[in-house]
Number of protein chains: 4
Amino acid sequence: MNNFGKNFRVSIFGESHGQKIGIIIDGTPAGLPLSNDDFTTDLLRRKSGKRGSTPRLEGDLPEIVSGVYQGYTTGTPICLTFNNHNFNSADYSNLQDWPRPGHADFVSKIKYNGFSDPRGGGHHSGRITIGIVAAGVIAKKLIEPISVEAKILHIGGENPWDDILERAMAEGDSLGGVIECVAKKIPVGLGEPFFDSMESLLSHIVFSIPGVRGIEFGDGFSAAKMFGSEHNDPIIDESGKTLKNGSGGINGGISNGNDLIFRVAIKPTSSISKGQETYNLNSHKMENLKIVGRHDSCFALRVPVVIEASAAIVLADLSNAGRAL
Amino acid sequence: MNNFGKNFRVSIFGESHGQKIGIIIDGTPAGLPLSNDDFTTDLLRRKSGKRGSTPRLEGDLPEIVSGVYQGYTTGTPICLTFNNHNFNSADYSNLQDWPRPGHADFVSKIKYNGFSDPRGGGHHSGRITIGIVAAGVIAKKLIEPISVEAKILHIGGENPWDDILERAMAEGDSLGGVIECVAKKIPVGLGEPFFDSMESLLSHIVFSIPGVRGIEFGDGFSAAKMFGSEHNDPIIDESGKTLKNGSGGINGGISNGNDLIFRVAIKPTSSISKGQETYNLNSHKMENLKIVGRHDSCFALRVPVVIEASAAIVLADLSNAGRAL
Amino acid sequence: MNNFGKNFRVSIFGESHGQKIGIIIDGTPAGLPLSNDDFTTDLLRRKSGKRGSTPRLEGDLPEIVSGVYQGYTTGTPICLTFNNHNFNSADYSNLQDWPRPGHADFVSKIKYNGFSDPRGGGHHSGRITIGIVAAGVIAKKLIEPISVEAKILHIGGENPWDDILERAMAEGDSLGGVIECVAKKIPVGLGEPFFDSMESLLSHIVFSIPGVRGIEFGDGFSAAKMFGSEHNDPIIDESGKTLKNGSGGINGGISNGNDLIFRVAIKPTSSISKGQETYNLNSHKMENLKIVGRHDSCFALRVPVVIEASAAIVLADLSNAGRAL
Amino acid sequence: MNNFGKNFRVSIFGESHGQKIGIIIDGTPAGLPLSNDDFTTDLLRRKSGKRGSTPRLEGDLPEIVSGVYQGYTTGTPICLTFNNHNFNSADYSNLQDWPRPGHADFVSKIKYNGFSDPRGGGHHSGRITIGIVAAGVIAKKLIEPISVEAKILHIGGENPWDDILERAMAEGDSLGGVIECVAKKIPVGLGEPFFDSMESLLSHIVFSIPGVRGIEFGDGFSAAKMFGSEHNDPIIDESGKTLKNGSGGINGGISNGNDLIFRVAIKPTSSISKGQETYNLNSHKMENLKIVGRHDSCFALRVPVVIEASAAIVLADLSNAGRAL
């Protein structure tokens with residue numbers, strides 16, 4: 001379903017080229033100051049227009065539909081909507097018959113019996129994450145003094161990454177990347193053993209973001225190549241601080257007071273203008289597809305703020321932030 | 001909380017050295033043949049006693065407490081319990097004061113105010129996964145003809161892995177590994193966009209398993225280093241079959257009919273007999289800890305069947321298997 | 001939280017005098033024809049303007065924000081919003097200091113630390129049920145051929161009720177009433193033993209409607225005065241038809257194929273223009289409160305369609321309507 | 001499903017004549033003193049053996065399977081089981097072919113395709129409520145100083161009720177009754193507007209108890225016959241105390257600090273030894289059924305403690321008792 005969270009819960013809706021998209025955020029306590037301006041910074045970070053990102057420009061500031069009164073949250077559900085505009089739906093005809101590699105066109109056609117909205121990916125669009133970013137803005141306020149920060153580690157395997165990005169753009173190709181997220185000042189004790197482990201909840205929401213291929217905590221996949229004596233992380237003081245933080249701030253699913261650290265792999269943008277041989281369900285044969293229209297050559301560049309928001313939402317939910325301000 | 005799943009739901013309980021541990025499985029339709037023998041194969045695969053695994057031996061066959069009548073499921077909750085025995089709780093004294101690196105001793109002490117059961121890791125023990133394996137046995141029956149198979153890819157980075165295992169054991173050290181899970185014959189259309197994506201649900205339950213450090217689907221972290229033209233996966237026939245299955249059988253969170261493929265990184269066993277300098281909360285200084293007792297030198301070897309079970313539980317939940325036999 | 005339902009799930013938001021209120025409906029399968037016109041009949045039934053109901057008039061047709069494309073549902077979340085207008089917020093000043101008897105003014109003040117939106121009851125307003133009615137329109141389509149019909153049994157204890165209504169209006173007083181809901185053509189087997197019993201789910205959503213004071217199924221409270229031989233309901237044919245349907249179509253929490261029957265008690269409208277002695281938190285003494293503004297003298301008259309919608313939502317959820325059209 | 005509650009969650013399992021029945025209770029904080037003795041009083045109140053109740057006698061003290069260590073809760077799931085014994089399953093043959101009026105025999109046969117456990121009602125048995133009573137014992141401790149007390153208001157419409165009970169027993173007939181539950185010292189602010197209203201949650205769990213036909217809060221069904229000026233309840237002091245508490249301690253779904261009051265209608269025991277003409281699915285005609293075996297002539301007498309437990313579970317969940325001791 002379209003919900004995530006138990007005590008701080010978000011519910012999303014909308015299609016890329018519908019009239020509006022939005023999110024409901026439930027569990028925010030009453031009395032949190034909240035205005036339109038609070039969203040500017042994070043929404044700008046996610047916004048299109050930077051090099052390597054699609055030039056599709058929009059207003060992209062939320063309309064606060066409910067849950068805020070005279071500049072403060074009321075304690076009841078907050079609904080935020082965003083207008084869609086400035087797009088050309090003609091770009092997206094015929095997707096159901098000639099599904100684009102890497103996109104959800106084929107699965108949507110089957111799952112929804114041909115009734116899904118194909119324009120701009122419909123409900124599958126990365127644009128829907130704008131609501132997650134907006135919810136993250138509220139979550140970040142709730143979890144203070146915890147801070148969350150995500151940044152690009154590499155693009156296409158390179159750091160810095162200017163050259164490879166130029167090359168990909170020149171060739172009508174695309175790139176992915178890896179993002180690292182770090183949260184500081186987390187108290188000991190958030191998360192539950194087993195099904196509500198910190199990693200379970202974080203990975204659950206992170207894999208909701210279109211294009212995520214992997215997630216790892218602390219030493220991650222490298223841990224599998226270490227000896228126990230290397231990966232084990234001695235505690236070095238009363239507060240539980242560890243020497244290397246190889247477990248990424250989590251033991252047994254529960255925060256241990258060290259920095260929370262995880263990395264997320266983002267695939268290359270699926271829409272490329274370079275030709276691709278792929279099956280046409282109409283002509284019943286492989287044909288060369290060139291995707292036209294405006295696309296990010298590396299949408300991973302816009303994802304760090306979405307990852308931050310996702311982490312903040314989980315931390316708000318686990319902190320039971322909804323209960324007291 | 002201790003639950004996972006919406007229409008096929010499991011609830012776990014128990015402590016490693018308590019009298020019993022167990023699981024409730026809700027959402028199994030009536031009329032599925034089920035007997036004690038059905039569990040033997042998978043529980044044996046998880047069982048202790050192989051080289052590199054702890055020699056702790058137990059009966060480990062479930063008691064079917066409810067939900068089965070005259071050899072068939074009744075459609076109401078199935079409770080399975082397992083007796084604990086053959087352990088020496090004396091091994092586990094003083095953990096709260098001198099927490100073991102890599103274990104949940106420290107976080108448990110804080111989170112539960114010193115009231116958690118320290119014996120054998122208590123509720124944090126990997127032993128609790130025996131219930132997940134048993135639930136997986138039922139889930140696998142429900143999702144037929146879908147098959148799920150997980151196997152070790154490497155141990156400590158090596159494949160085959162006899163030498164490194166010998167060496168680790170000789171040195172009182174431990175190893176981790178990587179497991180690959182493949183599910184075949186999945187219909188197109190399982191999973192939802194965003195929060196109930198196939199990857200979200202699978203990663204959620206997989207990170208419930210103690211010791212998991214990472215998960216990746218299809219090309220996984222490598223995808224982040226590819227060009228879009230490399231990672232993109234052309235469809236090659238009417239059924240949606242793709243050329244390389246780099247997306248691991250999922251597009252937009254929804255199964256695409258190709259094999260579901262994911263890999264899981266398991267950390268090295270935390271309990272090692274090799275000495276470790278770590279903080280003693282009693283003496284207020286770093287001291288050399290040597291963990292005695294019987295431990296797996298590589299518990300990753302026992303995890304594939306737990307991963308299989310986890311995947312089968314998600315597939316049963318998404319297939320809405322609980323509704324019709 | 002603001003959600004109800006497992007496989008057919010509704011999420012509400014909005015305040016009475018905010019800009020918009022609305023609902024998200026998740027779990028509707030793709031391909032259901034749906035247009036603005038489908039909502040007209042039920043929304044008119046709920047609408048203000050009839051005798052005994054408040055004359056507050058509004059457009060009250062939903063804006064279909066998401067989940068519908070070219071006249072058919074897409075299978076993804078449907079968001080419907082309704083504009084609020086034509087109100088005079090000045091009517092609602094000072095409520096927090098001089099809370100109205102029967103209203104949520106006092107509890108809101110405490111629960112939300114004075115930050116709730118007081119205008120027109122804010123999120124507590126009966127106006128929010130417009131979203132439930134709209135969701136009911138969709139649910140009714142999904143559960144066909146099941147039909148649901150609710151009607152007033154009595155107003156203020158009288159049937160017909162013209163005289164008592166005139167009298168109450170003349171005196172600036174108000175009335176409540178009892179509504180009976182009947183659903184026909186329900187298959188045997190909906191509902192679960194215990195926590196997801198048909199009665200549990202129906203009563204859960206019915207008590208979400210502001211002003212409900214009681215609910216009873218079949219013989220209801222009268223059953224408590226009968227002998228078993230009177231209340232027991234013999235089965236009279238192969239299909240499970242019973243003689244008297246005293247259990248209201250449910251045994252053991254599960255539909256038995258007979259008509260589902262329940263009755264709901266609605267309290268008299270709390271806002272009355274007649275004076276009431278009640279405590280003023282500002283002056284610290286009892287004072288005579290006369291509530292001005294437009295109010296239903298018997299809002300129960302508008303509730304049958306809300307009850308129908310609630311029943312349809314539960315039946316859609318239990319029928320797992322979201323899975324297949 | 002078999003779960004109830006969000007932050008204090010219970011999961012039940014078992015069949016009346018299976019080996020064991022039980023409950024898992026999740027969300028209890030660590031450090032609550034808990035021993036077997038704590039359950040004695042409430043389980044005795046529910047126990048069989050009093051006049052008007054079935055003489056089926058059993059040990060009925062719980063086995064604490066998990067979640068308690070050295071006399072204190074550990075903060076992880078508490079599993080309690082109860083042995084079943086002292087029954088004669090032969091009493092329950094042929095129920096699927098000749099379903100008993102008022103019982104779930106017919107619906108079970110259809111819903112579970114003939115695979116349900118027919119012995120003693122199987123999972124539908126009132127015996128399953130023993131787990132709810134045990135969970136209530138824990139919940140009552142958690143919500144202190146809130147107290148909850150339920151008692152019989154009338155049996156078969158009479159109070160006192162000795163004569164009518166004698167008469168019913170003599171005639172092989174049965175009786176129902178009405179139970180009133182009052183909770184004191186509830187803080188202002190528990191419950192949410194709409195779907196998690198206090199009444200929604202209470203009615204949800206109360207209708208899980210087999211045999212409940214109705215529930216009403218405060219003035220209940222009588223409110224529907226009052227004028228607003230009669231039912232409205234003036235606030236008379238700073239604390240929110242009202243004059244008559246006609247709303248049963250709840251406004252807008254939220255506790256208002258006055259006593260919580262609700263009443264529950266229980267149907268007469270369905271199993272009667274008096275003959276009943278009812279359809280035999282085998283012989284395809286109406287036949288005279290005389291139910292033999294031991295049965296309560298008025299099981300309502302045993303239900304007050306189950307109602308109390310249900311209310312305590314909801315209050316523990318809403319108080320978020322699971323988070324801090």
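Each chain gets a letter, A, B and so on, in the order the sequences are listed, and its residues count up from 1. Hydrogens, waters and symmetry mates play no part in the numbers below; they use all other heavy atoms, side chains included. Owing to the predicted nature of the structure, the values given are computational and were not obtained by experimental measurement.
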For chain C, find which of [options] contributes the most heavy-atom pairs closer than 4.5 angstrom.
options: D:Thr129, D:Thr242, D:Leu201, D:Asp237; value: D:Asp237
options: D:Gly214, D:Ala265, D:Ala224, D:Gly176; value: D:Ala224
options: D:Lys285, D:Met198, D:Glu199; value: D:Glu199
options: D:Gly191, D:Ser271, D:Gly218; value: D:Gly191
options: D:Ser229, D:Gly177, D:Gly102; value: D:Ser229
options: D:Gly228, D:Pro101, D:Ser222, D:Ser208; value: D:Ser208

Measure distances from [X] to the heavy atoms of chain C and classify the residue's part below 4.5 Å as side chain, backbone, both or neither.
X: D:Asp173; value: side chain
X: D:Ser108; value: neither
X: D:His231; value: side chain
X: D:Val10; value: both
X: D:Asp105; value: neither
X: D:Ile272; value: side chain

Between [X] and chain D, with a heavy-atom cut-off of 4.5 Å, which part of the residue counts as in contact: side chain, backbone, both or neither?
X: C:Tyr112; value: side chain
X: C:Ser203; value: both
X: C:Ile236; value: both
X: C:Ile132; value: side chain
X: C:His154; value: side chain

Point to revise | Distance flag, aromatic centroids of D:Phe207 and C:Phe217, threshold under 6.0 Å | key: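 Distance test on ring centres: under 6.0 Å, yes.
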
Would you say the ring centers of D:His204 and C:Phe195 fall short of 6.0 Å from each other?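 No, the ring of D:His204 stays outside the 6.0 Å limit from the ring of C:Phe195, centre to centre.
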
Between the side chains of [X] and [Y], is a donor N or O closer than 3.5 angstrom to an acceptor N or O?
X: D:Asn280; Y: D:Asn282; answer: no
X: C:Ser116; Y: C:Gln96; answer: yes
X: C:Asp233; Y: C:Ser247; answer: no
X: D:Gln276; Y: C:Asn232; answer: yes
X: D:Thr269; Y: D:Ser174; answer: no
X: C:Asn251; Y: C:Asn256; answer: yes

Quiz prompt | Pairing of C:Lys111 and D:Glu192 as salt bridge, 4.0 angstrom limit | solution =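 Salt bridge: yes.
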
- Which of C:Glu230, C:Met286, C:Glu238 touches chain D most, by non-hydrogen pairs under 4.5 Å: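 Most heavy-atom pairs under 4.5 Å with chain D: C:Glu238.
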
Show your working on salt bridge (charged side-chain N to carboxylate O under 4.0 Å, His left out) between D:Lys225 and C:Glu158 and close with a plain yes or no. CA-CA 8 Å; D:Lys225 301 188 176 178; C:Glu158 299 194 13; over 6 Å; no

Let's go through C:Asn2 and C:Ser11 carefully: what are the C-alpha distance in whole Å and the side-chain angles of both, what is the deciding distance for side chain to side chain donor-acceptor pair (under 3.5 Å) to 0.1 Å, and is it a yes or a no? CA-CA 5 Å; C:Asn2 68 327; C:Ser11 308; 4.8 Å; no

